[in-house]
2 protein chains.
Amino acid sequence: MAYHHGDLRRVLLEATAEAIEENGVAALSMRDLARRAGVSHAAPTHHFGDKAGLLTAFAAEGYEQLAQELAGGSFLEMGVAYVRFALTRRAQFEVMYRPDLYHADDPALVAARAKSAEALYDRAEHGNQKSAGDGIQSDARNGNQKDARITGQAGWSIAHGFATLWLSGAFPDRDQDPIALARALFQELNRAPEDLNRTPEDVDRGPEEPDPDELDRDPEA
Amino acid sequence: MAYHHGDLRRVLLEATAEAIEENGVAALSMRDLARRAGVSHAAPTHHFGDKAGLLTAFAAEGYEQLAQELAGGSFLEMGVAYVRFALTRRAQFEVMYRPDLYHADDPALVAARAKSAEALYDRAEHGNQKSAGDGIQSDARNGNQKDARITGQAGWSIAHGFATLWLSGAFPDRDQDPIALARALFQELNRAPEDLNRTPEDVDRGPEEPDPDELDRDPEA
DNA sequence: CTCCAATCTTGTCGCTGTAAAGATTGCTCC
DNA sequence: GGAGCAATCTTTACAGCGACAAGATTGGAG
């Protein structure tokens, strides 16, 4: 174990995920990470400045990974991918949404976070290419960007809420497949939003001409 | 500041909320609470055993309060009440859903948590008395308890997800009224679930006779 | 009035994060 | 190839933390 470890930074980030998954983020300790990496207790500080710095890098990496896994697929599949990410990369997920743990204004982190948020809203806005009947659909048909954001935030909320509730053990069906349950919950999202009486501010937002690439409205039911 | 403080336990619980709202739960310190209460550093331990014990009592109190604020009102209003609770009693809310911070098997806490969960599911099951057209409705019309649980979990998820995302600053519209935004998101929940093709296991769950107290199905759209 | 149990204090221990200063190494430039 | 330099890691030190043990103080029951 020489002075130059090779890629201590990377090793520490992986040890972070490991440690959090084992003992929770509250019990995370820099010195424990150093021990796991076989390095002196002050070595981690050199790479990340302080504990918040470590978690900043950890969260930023998480946002990058999330943005990547969110790319492609329908709106519904994006929700599924969101939940899958939360359950698979549990440690990253838990840190990402606890901004009191890291430097929330770090440029790299802000950029990564914006990237994944963009994926979320983009899908809500540009609609759902291939899953007519999936349960989650976009509001792009009326070209209303505000509705798209509402749709995106609703989908984000239900996916995020399910993931956190599941992870915290709040749901009773612990033996069930969480992904299947998540799909069932997504079905509860609006499928026929044309009966939503929109508020006046929504309407004057733009002309209501139907979208040319409207292809996800199926006449069933 | 005599030996018998009066109601140190209560004072400490209130100081806990204060400290968490100021510096986040990660920075919470028993010794700081003692300082706030004007008491020696070991006094809190006597009342709660350890830090996890303090947070156990704190979370249990939170679940009690939540159950209380969830009582009464429509299914939609319950969602609103949930969000309002999360934003108002932020410290309690943050601790409640971090079971790694407290003794999750504590009897008092388990009871309190069950009480609020019961309120959630009950409303989903027994339906929505007064808000036909509110956007969230129960599935009780087909007497299917599984659907009711799905409905309840979907509502819980979207409310919980919105609350946590809002609190973590994930949404861009920080200036907007969060309660109004929450209402808008709840509108995205299913209003016409009769077009949901239910799976076979759902169907054989019981006879499909319509509920006698069916009163929230409006024929619009 | 006495005694006891509840309450709070004091002192101590090992652990933590952070900072400062020193040791070792690899790389660059001459 | 050798000097110097910057990056990397170690060592040492310190204050704050949670937890424990032992002692001081108090209110109330008998």
Side-chain angles (χ1 to χ4, degrees), chain A residues 1-20 22-59 91 94-95 98-104 106 108, chain B residues 1-20 22-59 91 94-95 98-104 106 108:
Chain A
M1 204 61 50
Y3 257 75
H4 286 68
H5 183 285
D7 200 353
L8 181 57
R9 187 187 156 92
R10 174 107 306 273
V11 169
L12 287 173
L13 287 173
E14 282 163 12
T16 300
E18 225 179 73
I20 291 179
E22 283 174 19
N23 309 325
V25 59
L28 183 69
S29 140
M30 295 283 259
R31 288 169 113 107
D32 178 57
L33 295 181
R35 265 174 247 126
R36 286 172 191 257
V39 111
S40 88
H41 72 262
T45 300
H46 177 263
H47 286 275
F48 300 102
D50 56 359
K51 190 178 183 180
L54 165 78
L55 291 178
T56 303
F58 189 69
E94 283 187 12
V95 173
R98 309 230 21 245
D100 56 315
L101 292 182
Y102 53 81
H103 302 130
D106 178 84
Chain B
M1 203 61 52
Y3 258 75
H4 286 68
H5 184 287
D7 200 353
L8 181 56
R9 187 188 157 93
R10 175 107 305 271
V11 169
L12 286 173
L13 287 173
E14 282 164 12
T16 300
E18 223 179 74
I20 292 178
E22 283 175 18
N23 309 324
V25 58
L28 182 69
S29 139
M30 294 283 259
R31 291 169 110 105
D32 178 56
L33 295 182
R35 264 174 248 125
R36 285 172 191 257
V39 111
S40 87
H41 69 261
T45 301
H46 177 263
H47 286 274
F48 300 103
D50 56 357
K51 191 179 183 180
L54 165 77
L55 292 177
T56 303
F58 189 68
E94 283 186 12
V95 173
R98 308 226 29 241
D100 56 316
L101 293 182
Y102 53 81
H103 302 131
D106 177 85

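Order of the sequence lines sets the chain letters (A, B, ...), proteins ahead of strands, with each chain counted from 1. Just so it is clear, the values below take in all heavy atoms, side chains as well, and ignore hydrogens, waters and symmetry mates.
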Task: Counterpart residues, side chain to side chain contact (heavy atoms under 4.5 Å, CB included), relative to A:A104 (two or more places apart) - done: A:P99, A:Y102
Task: Approximate separation, where rounding is to 0.5 Å, of B:L54 CG and B:T45 OG1 - done: 9.0 Å
Open item on the list: Once rounded to the nearest 0.5 Å, what's the spacing between atom CG of B:L28 and atom CD1 of B:I20?
Closed with: 5.0 Å
Open item on the list: Just to verify, what does B:D50 make a salt bridge (Lys or Arg N to Asp or Glu O under 4.0 Å) with, not counting sequence neighbours?
Closed with: none
Task: Between C1' of C:dT16 and CE of B:M30, the distance in whole Å - done: 17 Å
Task: Non-neighbouring partners of A:R10 that pass salt bridge (Lys or Arg N to Asp or Glu O under 4.0 Å), sequence neighbours left out - done: A:E14, A:E61
TODO: Tell me whether the OP1 or OP2 atom of C:dT10 has a side-chain N or O from B:S40 closer than 4.0 Å.
DONE: no
Task: side-chain hydrogen bond (donor to acceptor under 3.5 Å, both in side chains) involving B:D100 - partner list, sequence neighbours excluded - done: B:R98
TODO: Return the value, rounded to whole Å, for the distance between atom CZ of B:R35 and atom C1' of C:dC8.
DONE: 17 Å
- [ ] For B:H47, check side chain to side chain contact (heavy atoms under 4.5 Å, CB included) against everything at least two apart and list the hits.
- [x] B:L8, B:R9
TODO: With sequence neighbours excluded, tell me which residues meet salt bridge (Lys or Arg N to Asp or Glu O under 4.0 Å) with B:R36.
DONE: B:E18, B:E22, B:D32
Open item on the list: Measure CG/A:L12 against C1'/D:dT8 and give the value in whole Å, please.
Closed with: 12 Å
TODO: Supply the atom-to-atom distance B:L12 CG to B:F58 CZ, rounded to the nearest 0.5 angstrom.
DONE: 11.5 Å
- [ ] Tell me which residues in residues 41-51 of chain A put a heavy atom below 4.0 Å from DNA chain D, sorted by number, or none.
- [x] A:H41, A:A42, A:A43, A:H46, A:H47
TODO: Starting at atom CZ of A:R31, determine the distance to atom C1' of C:dT16, rounded to an integer number of angstrom.
DONE: 6 Å
Open item on the list: For the helix from C:dC1-D:dG30 to C:dC30-D:dG1, what angle separates the axis at the start from the axis at the finish, each from five pairs, in steps of 10°?
Closed with: 0°
Task: Rounded interatomic separation in angstrom, taking CG from B:L54 and P from D:dC17 - done: 15 Å
Open item on the list: Rounded to whole Å, please give me the gap between CG in A:L28 and C1' in D:dC17.
Closed with: 16 Å
Task: For atom CG of A:D32 and atom P of C:dG14, their distance in whole Å - done: 19 Å
